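One structure is given below, encoded as structure tokens.
Because the structure is a prediction, the values reported are computed rather than measured.
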Amino acid sequence: MSEDGAHGLTLIAFIGSVFSPYYAWDPARDPFDHCALNVVLYGRPGRFCMTERGRASLARDADHIRIGPSAMEWDGTSLTVRIDEVAAPLPSRVRGTVRLHPGSFTRGPFTLDAAGEHRWWPMAPSSPVEVDLAEPGLTWRGTAYLDTNHGDGALEDAFASWTWCRADLSDGAAILYDVRRRDGSGQNLSLRFDRAGARRDIRPPLAAALPSTGLWRIPRETRSDDGRSRVLRTFEDTPFYARSLLASTLAGEPVQAVHESLSLARFRNPLVRLMLPFRMPRRTR
């Protein structure tokens with residue numbers, strides 16, 4: 001998020017694009033043949049890019065990853081993302097550079113399912129970020145969150161839904177992750193980290209109801225110190241996923257939290273998957 005709250009940016013590099021209908025329909029289930037850099041710009045102007053590419057478009061080593069014309073590079077202190085993507089369904093280019101400067105890293109990862117097949121590591125919960133986009137012309141600074149996920153099975157086979165949110169605190173960040181598994185069990189992770197990446201105690205927040213999204217009626221809920229929270233903005237409202245900005249209280253501080261709700265029960269619906277190529281085109285190179 002930008003310092004003034006006017007702009008937001010999400011970047012996700014996928015090897016084995018977990019929400020890809022092409023990956024789900026591929027009998028070979030080759031993750032390296034289903035890669036993408038998802039770029040979502042919130043505010044004005046807004047953009048959504050998620051062009052899936054084949055294995056010929058992927059190159060990687062310990063410090064670099066390239067997916068088509070876009071790439072990420074770690075130099076030991078900063079993560080630099082060079083973006084060159086085209087939005088869909090209305091074509092418009094997103095091109096520029098994002099630099100993230102993690103001061104330190106947390107210990108991880110965390111296991112999200114009983115079988116240990118899905119792991120999540122919130123590596124740098126709150127880090128300075130610089131965004132410099134030539135197209136559209138935007139330059140801003142703010143704070144960012146860096147994590148990584150990896151798994152050995154389809155998300156929709158393990159989980160029914162989850163909610164997640166992250167908020168900056170005066171001395172670090174708080175992250176809330178509530179997972180509902182398909183077997184009926186659940187897991188709540190209420191985490192707090194200081195700026196050095198050390199985990200700190202946090203009182204388990206109370207459940208807080210939120211209204212469903214307006215268009216697709218995605219259920220939303222979260223947690224807060226006093227059991228109250230409100231939606232400031234809905235960034236993304238899709239048939240199975242919502243991203244929002246909330247006003248809450250966590251660790252005794254008033255915060256603005258980036259929040260997501262994911263319904264994998266909806267994602268399993270074949271009709272939903274048939275809708276996805278509208279925003280997720282595929283190129284083999």
query = Is the charged tip of Arg29 near the ring of Tyr23: under 6.0 Å from the six-membered ring centre and within 45° of its axis?
reply = yes
note = By ring pair (Phe, Tyr, Trp, His ring centres under 6.0 Å), Phe267 pairs with (sequence neighbours left out) Phe19, Phe240
task = Ignoring hydrogens and angles, tell me if any N or O in the side chain of Asp225 forms a donor-acceptor pair with the backbone of Gly252 under 3.5 Å.
result = yes
message = Checking Trp140 against Glu130: is there a side-chain donor and acceptor pair closer than 3.5 Å?
response = no
query = Looking only at atom types and distance, does a side-chain atom of Thr106 sit under 3.5 Å from a main-chain N or O of Pro122, one as donor and one as acceptor?
reply = yes
query = Have Asp75 and Thr77 got a donor and an acceptor in their side chains that come within less than 3.5 Å?
reply = yes
ask   = Does the ring centre of Phe105 sit less than 6.0 Å away from the ring centre of Trp74?
value = yes
key: Common cluster, Ile12/Phe159, ILVMFWY with side-chain heavy-atom separation under 4.5 Å   = yes
query = Do Arg141 side-chain atoms and Ser2 backbone N/O form a donor-acceptor pair below 3.5 Å?
reply = no
request  = Give a yes or no on whether Leu146 and Val98 share a hydrophobic cluster (residues Ile, Leu, Val, Met, Phe, Trp, Tyr; joining criterion: side-chain heavy atoms under 4.5 Å apart).
outcome  = yes
request  = List the atom of Arg233, the atom of Gly5, and the distance in Å for their closest heavy-atom pair.
outcome  = NH1-O, 3.2 Å
ask   = Among the clusters formed by ILVMFWY side chains lying less than 4.5 Å apart, do Met50 and Leu264 turn up in the same one?
value = yes
key: Phe110 and Trp121 aromatic centres sub-6.0 Å   = no
task = Please identify each residue that fulfils side-chain hydrogen bond (donor to acceptor under 3.5 Å, both in side chains) with Asp147, with sequence neighbours left out.
result = Trp120, Tyr145
inquiry  = Around atom CG of Asp4, are there more than 12 heavy atoms from other residues, nucleotides or ligands closer than 6.0 Å?
reply    = yes
Steps toward side-chain hydrogen bond (donor to acceptor under 3.5 Å, both in side chains) verdict (Tyr42, Arg243) = CA-CA 10 Å; Tyr42 300 112; Arg243 185 177 285 128; 2.5 Å; yes
task = Indicate yes or no for a side-chain donor-acceptor contact from Arg166 to the backbone of Pro125 under 3.5 Å, with no hydrogens or angles considered.
result = yes
ask   = Does Gly116 offer a backbone N or O that forms a donor-acceptor pair with the side chain of Arg119 under 3.5 Å?
value = yes
Stepwise salt bridge (Lys or Arg N to Asp or Glu O under 4.0 Å) check, Arg93 with Asp84 = CA-CA 7 Å; Arg93 188 167 294 278; Asp84 190 354; 2.6 Å; yes
request  = May I ask you to check whether Ser248 and Ser229 show a side-chain donor-acceptor distance below 3.5 Å?
outcome  = yes
key: Main-chain N/O of Thr234 paired to Ser244 side chain as donor or acceptor, under 3.5 Å   = no
ask   = Do Thr80 and Glu73 have side-chain atoms, one donor and one acceptor, less than 3.5 Å apart?
value = no
